[in-house]
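Here is the structure we will look at.
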Amino acid sequence: MSTPVITETAPATAPAAGRTGRPRWFWAAIVVGALVVLSTVRVITGANDIDSSGAVMAAIGLAVPIGLAGLGGLWSERAGVVNIGLEGMMIFGTWGGAFFGYHYGPWAGIFGAILMGVLGGAIHAVATVVFGVDHIVSGVAINLLGAGAGAYLAVRTFTGLPGGGPTQSPPLQQLPFLSVPGLADPLLTLEQKHWWLVSDLAAVLRAVTTNLNVLTVIAVLLLVATWWILWRTAFGLRLRSCGESPVAAETLGVNVYRYKFVAVLISGGLAGLAGGFLVLVASNLYREGQTGGRGYIGLAAMIFGNWRPGGLAGGAALFGYADAVQLRGGGDVVRAYLLPIAIALVAWGIWQLVRRRRGKSFTGVPMVVMGVLALGWFLSAPSVPNEFTGMTPYVATLLVLAFASQRLRMPAADGAVYRKGEAS
């Protein structure tokens with residue numbers, strides 16, 4: 001008798017609850033709507049750097065490592081293994097990218113970053129999948145191991161090299177940058193006209209067609225490939241079934257251990273690649289403490305995205321953009337954002353008051369009050385203090401997660417310890 005296998009028609013492992021039910025044009029409408037809002041705010045406030053091509057380019061560079069780390073978390077958690085060790089795996093990737101990149105070139109650096117990330121993923125997989133260690137404890141241990149091992153390896157491998165030292169590598173050769181010929185100058189001319197919407201669209205187009213690093217393109221392709229593999233193939237269905245109901249998957253012939261192990265290895269490789277991006281693209285060298293908590297932010301982006309690639313990309317873009325704005329535009333741009341935030345809070349609060357559902361008729365009052373205060377701040381202050389400007393990415397993260405928390409649904413068996421044979 002042949003072993004039964006799970007197919008696309010198996011309802012037990014492809015729950016409808018994992019679907020968002022949104023139309024295909026939803027995210028396109030979000031992007032267009034955001035661009036209209038940004039353009040309107042720019043015209044009203046005069047904060048031209050709010051969506052300039054430079055700001056968008058900086059946002060892309062800051063979003064890619066966050067997105068790659070979050071993509072690694074997505075693979076792992078869709079198979080049911082919580083991975084808060086992304087930060088440590090990124091640290092492994094920074095050293096691997098720098099070591100291999102210095103000795104063998106930038107393309108070898110990509111391989112080295114992925115390889116070291118896979119090593120971190122293998123440790124996490126052995127601990128959680130094979131030995132059943134608590135996923136959080138294992139992830140914390142990976143982060144500590146990554147920080148310690150990265151510092152030790154840097155001292156042993158970079159000390160004495162030209163331009164290197166115990167806390168940094170020598171300068172590295174960068175990966176190539178790509179541009180669409182003939183577009184940069186005309187788009188820049190349109191951007192500098194400061195026309196409503198037209199100049200903003202030109203700025204965005206210039207940012208995505210000029211000096212785009214090849215690793216950024218690879219990251220986008222990996223995002224699309226992840227969506228296709230996990231949601232359009234039998235392999236992806238089996239892997240997701242391990243995160244929803246491993247016992248049911250086992251009864252249908254799925255080797256749960258194998259799929260969980262493969263998913264965590266891929267997770268580590270993607271996190272390592274995120275670390276490689278930091279050394280090969282963002283800074284052109286390895287530096288101790290370089291990840292700066294981006295593994296945790298990638299995890300937050302994955303949660304914001306409801307464990308789906310499209311939402312993850314949106315979360316990474318939002319966090320990267322918030323960081324880029326506060327780095328480039330300073331208090332003037334952050335002040336400009338007080339206007340749409342105030343309007344959104346007041347509108348949301350009024351909507352909550354009107355609905356009067358389930359006894360929550362007064363939940364909108366605090367939002368209305370905060371919106372009025374934000375509007376008063378916008379009208380009275382010429383700029384936002386630098387201390388608050390530096391908080392912008394973190395405030396944006398908290399606000400977005402607070403508003404999105406009611407619609408989140410993690411895989412049903414995410415974080416649960418699974419033992420082979422439980423289905424029998």
Side-chain angles (χ1 to χ4, degrees), residues 53-69 72 86-117 146-147 149-179 184 206-222 269-295 297-298 316 319-321 323-324 326-328 393:
S53 57
V56 177
M57 288 178 182
I60 292 172
L62 292 165
V64 168
I66 294 174
L68 284 171
L86 294 170
E87 180 77 6
M89 297 172 193
M90 283 186 70
I91 296 173
F92 277 122
T94 57
W95 179 84
F99 179 81
F100 283 83
Y102 176 76
H103 290 286
Y104 306 107
W107 290 104
I110 293 180
F111 171 79
I114 295 174
L115 180 65
M116 292 302 297
Y152 172 78
L153 290 171
V155 172
R156 299 288 295 178
T157 56
F158 298 140
T159 301
L161 295 178
T167 60
Q168 71 175 45
S169 71
L172 305 172
Q173 182 183 352
Q174 282 193 312
L175 291 162
F177 287 82
L178 307 175
S179 297
R206 184 172 186 270
V208 300
T209 58
T210 305
N211 291 331
L212 201 64
N213 192 270
V214 66
L215 193 50
T216 301
V217 178
I218 292 174
V220 174
L221 295 177
L222 287 172
L270 289 168
L273 184 60
F277 184 93
L278 294 176
V279 301
L280 296 169
V281 179
S283 63
N284 199 30
L285 53 80
Y286 165 90
R287 185 178 290 111
E288 188 174 334
Q290 193 168 20
T291 56
R294 288 178 176 85
I297 300 177
F319 302 149
Y321 176 74
D323 202 6
Q326 66 93 12
L327 288 173
R328 287 181 53 88

### Query
Distance from Leu278 atom CG to Leu68 atom CG, nearest 0.5 Å?
9.5 Å
### Heavy-atom pair with the smallest gap, counting every atom of Tyr321 and Ala59
CA-CB, 3.6 Å
### Task
Measure up the Phe100 and Phe111 rings against each other and bin them: parallel (under 30°), tilted (30 to 60°), perpendicular (over 60°).
perpendicular
### Query
What heavy-atom pair brings Ala69 and Gly298 nearest, and what distance separates the two atoms?
CB-CA, 4.4 Å
## Note on the structure
In terms of heavy-atom contacts, Gln174 and Leu280 come closest through CG-O, 3.6 Å
### Query
If only atom types and distance count, is the side chain of Arg294 paired as donor or acceptor with the main-chain N or O of Ile66 below 3.5 Å?
no
#### Entry: Heavy-atom side-chain contact between Thr157 and Trp95 under 4.5 Å
yes
### Query
Do Leu215 and Val64 come close enough that some side-chain heavy atom pair is under 4.5 Å?
no
### Message
On a heavy-atom basis, which atom in Leu285 and which in Leu172 lie closest, and how many Å separate them?
### Response
CA-CD1, 3.9 Å
### Task
Measure the shortest side-chain to side-chain distance between Gln168 and Gln290 over non-hydrogen atoms and say whether it is less than 4.5 angstrom.
no
### Query
Taking everything shown except Tyr152 itself, do over 12 heavy atoms lie less than 6.0 Å from its OH?
no
### Query
Ignoring hydrogens and geometry, is there a side-chain-to-backbone donor-acceptor pair from Asn213 to Phe177 under 3.5 Å?
no
### Query
Within the side chain of Thr94, is there an N or O that forms a donor-acceptor pair under 3.5 Å with the backbone of Tyr286?
no
### Query
Can you check whether Thr210 reaches Met57 side chain to side chain, under 4.5 Å on heavy atoms?
yes
### Message
So does Ala207 get a backbone contact from the side chain of Ser53, meaning a donor-acceptor N/O pair under 3.5 Å?
### Response
no
